[in-house]
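Accompanying notes for the structure given below.
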Protein chains: 2
Amino acid sequence: MYFQMGWGDLGIFGNPSGGSPNLDKMGRDGMVLTDAYSANPVCSPSRAAILTGRLPVRNGIYTTNAPARNAIARQTIVGGISDDEILLPELLQKAGYRNKIVGKWHLGQQPQYLPLKHGFHEWFGAPNCHFGPFDDVSMPNIPVYHDEYMIGRYYEEFPINHDTGESNLTQMYIEEALNFISKEEGPFFLCWTPDASHRPLYASKEFLQKSNRGLYGDAVMELDSGVGRILKKLVDLKIDNNTFVFFTSDNGAALHSKINAGINGPFLCGKETTFEGGMREPTIAWWPGKIKPGQMSQQPVSLMDIFTTVLKLANVEPPTDRIIDGINLLPVLLQNEHIDRPLFYYRGDEMMAVRYGLYKAHYWTWTNSISEYMKGTDYCPGECVANVTTHERTNHTASPILFHLGSDPGEKYPIGNDKEEYKTAMTTIDKIVQDHKAKMKRGTPQLNTCDRAVMNWAPPGCEKIGKCLRIPPSDPKPCVWVK
Amino acid sequence: MYFQMGWGDLGIFGNPSGGSPNLDKMGRDGMVLTDAYSANPVCSPSRAAILTGRLPVRNGIYTTNAPARNAIARQTIVGGISDDEILLPELLQKAGYRNKIVGKWHLGQQPQYLPLKHGFHEWFGAPNCHFGPFDDVSMPNIPVYHDEYMIGRYYEEFPINHDTGESNLTQMYIEEALNFISKEEGPFFLCWTPDASHRPLYASKEFLQKSNRGLYGDAVMELDSGVGRILKKLVDLKIDNNTFVFFTSDNGAALHSKINAGINGPFLCGKETTFEGGMREPTIAWWPGKIKPGQMSQQPVSLMDIFTTVLKLANVEPPTDRIIDGINLLPVLLQNEHIDRPLFYYRGDEMMAVRYGLYKAHYWTWTNSISEYMKGTDYCPGECVANVTTHERTNHTASPILFHLGSDPGEKYPIGNDKEEYKTAMTTIDKIVQDHKAKMKRGTPQLNTCDRAVMNWAPPGCEKIGKCLRIPPSDPKPCVWVK
């Protein structure tokens with residue numbers, strides 16, 4: 001399960017609002033992973049990494065149009081997840097699993113990239129973010145799919161009312177999950193990834209104004225209630241002891257959305273950045289009878305570990321013909337062991353930072369360009385750490401900025417590069433980086449080319465429901481990504 | 001129980017380090033109070049308010065030497081807690097309670113101000129902060145008392161090694177607490193307030209380098225282990241169902257101490273300020289069989305409520321001849337009810353801000369003076385909110401800066417004063433403030449006059465152990481407080 005949420009958005013991760021009783025209980029009944037990271041600070045690449053177990057620069061969900069550019073699978077994107085990539089559900093299929101994804105896909109909206117072409121048996125959700133409403137002329141509204149066919153569009157058959165904030169979508173996503181779990185008799189893999197809590201915000205009537213923190217909080221509360229209902233369904237069906245549930249977020253809270261955007265706890269900055277606030281995710285592993293309750297682990301975790309861990313549980317060997325970045329977390333989850341491993345913080349095509357042990361070295365720093373910032377887009381509102389939250393893409397490779405995340409989780413106090421501690425830590429980290437770069441084989445970047453013709457004008461199934469729109473002439477161009 | 005700690009320093013309040021397993025368990029087994037506030041952002045006034053149930057401007061532990069000046073009972077202070085104030089242990093004494101304070105007193109070090117003169121039967125600890133070492137000529141080392149007599153001094157009989165960070169003090173404070181609990185047969189009131197986690201940092205050998213966050217984390221871990229041992233003692237003695245335990249901190253983490261200073265979670269700034277980071281405290285109420293486990297309350301709590309709540313439990317009427325600011329929290333703790341009440345954020349003699357419901361209005365803002373800031377003292381490192389984290393003492397009374405702490409706990413996004421929401425909230429809050437100010441009767445400020453002659457040269461008992469020092473001639477002057 002994952003949605004967009006900040007590390008500090010749940011009670012059990014220090015959110016003061018009391019708006020997540022079910023996830024808090026999930027945490028108390030399972031293992032809280034305090035040091036879990038997405039592979040990227042924006043949705044598409046993060047999601048691609050979860051399902052492939054590989055960094056976005058390997059699996060192709062990134063752009064090389066400009067250095068360190070965040071990019072996502074917006075609907076003009078020509079590319080998508082490559083057939084050369086092996087997704088978790090493809091492998092689970094071979095082991096007899098039935099696979100369903102509920103919610104946002106975000107790995108390409110052209111037909112060849114959709115979930116049912118990449119290992120999922122079922123899908124209920126949309127290929128892109130629920131942005132809109134659009135006019136269906138200059139821009140089509142995003143389709144909602146049931147399996148391989150579209151069954152309507154956001155803001156049309158699937159309304160979201162921006163004025164009231166009301167939409168029933170999360171309830172639909174909850175029902176889809178519950179029904180799937182109820183009907184499955186064999187092993188199943190459910191990827192429950194509703195788009196709520198991502199902008200534009202919405203909640204169903206029952207949850208509107210229910211939280212004490214605005215519409216964002218309402219959305220979180222509704223998702224939380226969904227988690228509660230899903231876990232209860234597992235318990236009611238008496239399959240909880242046989243079901244591994246992993247909750248996380250695909251990137252940090254989007255602080256540039258200003259108020260009503262989520263909270264990244266004590267961490268610096270938010271979505272779009274490679275500071276802790278952009279990539280450290282509220283993460284819980286739950287498995288009654290297997291994972292002991294009340295645990296909190298400081299194991300450095302990557303969400304790519306889901307790939308390797310789930311394969312291990314399903315007794316399926318991971319691919320051996322390529323580098324898999326995820327590791328098997330079972331020793332951590334079941335025996336509370338600690339596994340030494342580095343973590344790489346990528347933004348677009350650039351390795352920005354590395355964590356090893358409790359040290360994090362920034363080889364590059366960047367928030368956004370001063371011009372975007374002057375226009376009001378601030379990835380780090382209210383935060384200003386000299387030489388760190390830079391508005392220039394700043395190269396520190398000659399002398400990386402080093403933080404100790406244990407005593408300085410907020411990345412405020414760089415360790416002086418004249419200190420013995422610095423030299424010792426950087427000697428190790430530099431070696432790790434050299435090794436990582438030497439072995440790096442980059443995938444073909446999928447987020448480089450945009451074309452209005454590939455938008456969701458006439459998705460599969462549109463003809464059945466009379467929802468096909470006129471496709472404009474093809475005119476592929478390099479995508480422009482915000483700086 | 002209270003020490004200096006930030007809201008975000010415990011796992012259950014979103015600290016990622018895993019260094020507080022006992023307090024986390026206390027929270028899981030009790031009620032976490034997310035919205036609990038000290039009465040002041042520095043130690044002495046905060047502590048005076050806890051024990052009197054009254055704001056420092058009423059009980060006298062403040063200064064009028066300059067506006068909005070933070071002041072504490074440092075050892076040159078001539079004043080202290082007034083005999084006119086009625087302290088919680090004085091009242092409990094009448095109900096047959098045996099009262100002990102373990103740790104820092106901080107309400108005046110002249111003999112007439114010490115704990116045994118104000119309701120405590122026993123004391124083990126010191127009258128002032130454990131600053132030092134001093135030379136005992138220009139400045140005496142702080143004495144450690146056993147009941148009414150000093151038994152030694154910090155850095156002499158009670159060593160703290162600044163080089164290694166080692167001191168056995170917290171262990172002594174733990175033992176004192178455990179022994180007191182073990183020997184009491186009747187009702188007792190234990191105020192366990194070790195000075196560790198306040199600078200200068202220390203921990204005993206067993207805890208040095210045990211945390212993953214430096215000496216501060218080691219100190220927190222040792223205190224946490226003490227809490228665990230105290231709670232276990234209550235359980236072992238089978239008096240846990242009959243013992244109300246309240247854990248909190250007397251002010252926010254001291255961010256101006258830079259790294260290794262604690263974390264205030266998602267809140268703005270730290271100790272010394274009236275932003276949330278300075279006054280919101282990690283707070284837990286624990287009472288097996290009475291307070292249901294796993295609860296999280298958003299009740300606005302003041303630490304002054306301890307006074308009124310404990311009196312209620314002891315069946316003692318609070319004084320009726322004066323305003324008591326604390327309220328009885330039992331409906332919150334036992335029935336999870338919500339009580340509407342305003343909270344006032346004072347700094348020195350100035351009411352800086354007010355919270356009512358989820359709205360907080362800043363009538364004044366100030367961090368510290370630009371000259372102190374330029375010298376390196378920063379109460380809000382890495383944080384910068386325009387017009388909010390001001391380095392001038394800034395009067396917003398004509399149009400207070402309003403935040404909604406639900407959707408904006410970090411105090412980053414002021415609500416526009418042209419908004420209907422602003423006008424509605426401020427109409428209510430302005431009335432509350434007028435009423436508060438109309439009824440305010442200020443106590444005689446005790447922290448105005450300093451005199452080297454009143455320092456701890458020759459505390460009671462010094463002659464018995466040959467630790468009396470030469471008292472310099474009296475030369476009282478107005479105390480100078482940092483801006």
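Protein chains get the first letters and strands the later ones, always in sequence-line order, with residue 1 at the start of each.
- How far CG of L405(A) is from OG of S17(B): 12.0 Å, rounded to the nearest 0.5 Å.
- The shortest heavy-atom contact between G214(A) and S407(B) is N-CB, 4.5 Å.
- Atom CD1 in I12(A) sits 9.0 Å away from atom CG in D24(B) (nearest 0.5 Å).
- For chain B, the option among G8(A), P282(A), G265(A) with the highest count of heavy-atom pairs below 4.5 Å is G265(A).
- By the 6.0 Å contact criterion, CD on Q209(B) is open, its count of non-hydrogen atoms from other residues, nucleotides or ligands being 12 or less.
- Contacts of E383(B) with chain A are made by both backbone and side-chain atoms, with heavy-atom separations under 4.5 Å.
- The neighbour count for Y373(A) OH, taken as heavy atoms of other residues, nucleotides or ligands under 6.0 Å away, does not exceed 12.
- In terms of non-hydrogen atom pairs under 4.5 Å with chain B, the most contact-rich of D408(A), L358(A), N260(A) is L358(A).
- In this structure, the portion of N15(A) lying under 4.5 Å from any heavy atom of chain B is its backbone and not its side chain.
- Here the closest heavy-atom approach between residue N212(B) and residue Q298(A) is recorded as ND2-CG, 4.0 Å.
- Shortest non-hydrogen contact noted between P381(A) and Y413(B) is CG-OH, 3.1 Å.
- Contacts between P409(A) and chain B at a heavy-atom distance below 4.5 Å involve the side chain alone, from C-beta outward.
- Neither the backbone nor the side chain of Y216(A) has a heavy atom closer than 4.5 Å to any heavy atom of chain B.
- Note on I259(B), L33(B), N264(B), V388(B): by heavy-atom pairs under 4.5 Å with chain A, the leading option is I259(B).
- Contact count against chain A (heavy-atom pairs under 4.5 Å) is highest for K258(B) among H404(B), K258(B), K25(B).
- In this structure, the portion of K412(B) lying under 4.5 Å from any heavy atom of chain A is its side chain and not its backbone.
- Minimum interatomic distance between P16(B) and R280(A) (heavy atoms only, all atoms of both residues): CB-NH1, 3.7 Å.
- For D35(A), the part sitting under 4.5 Å from any heavy atom of chain B is the side chain, from C-beta outward, and nothing else.
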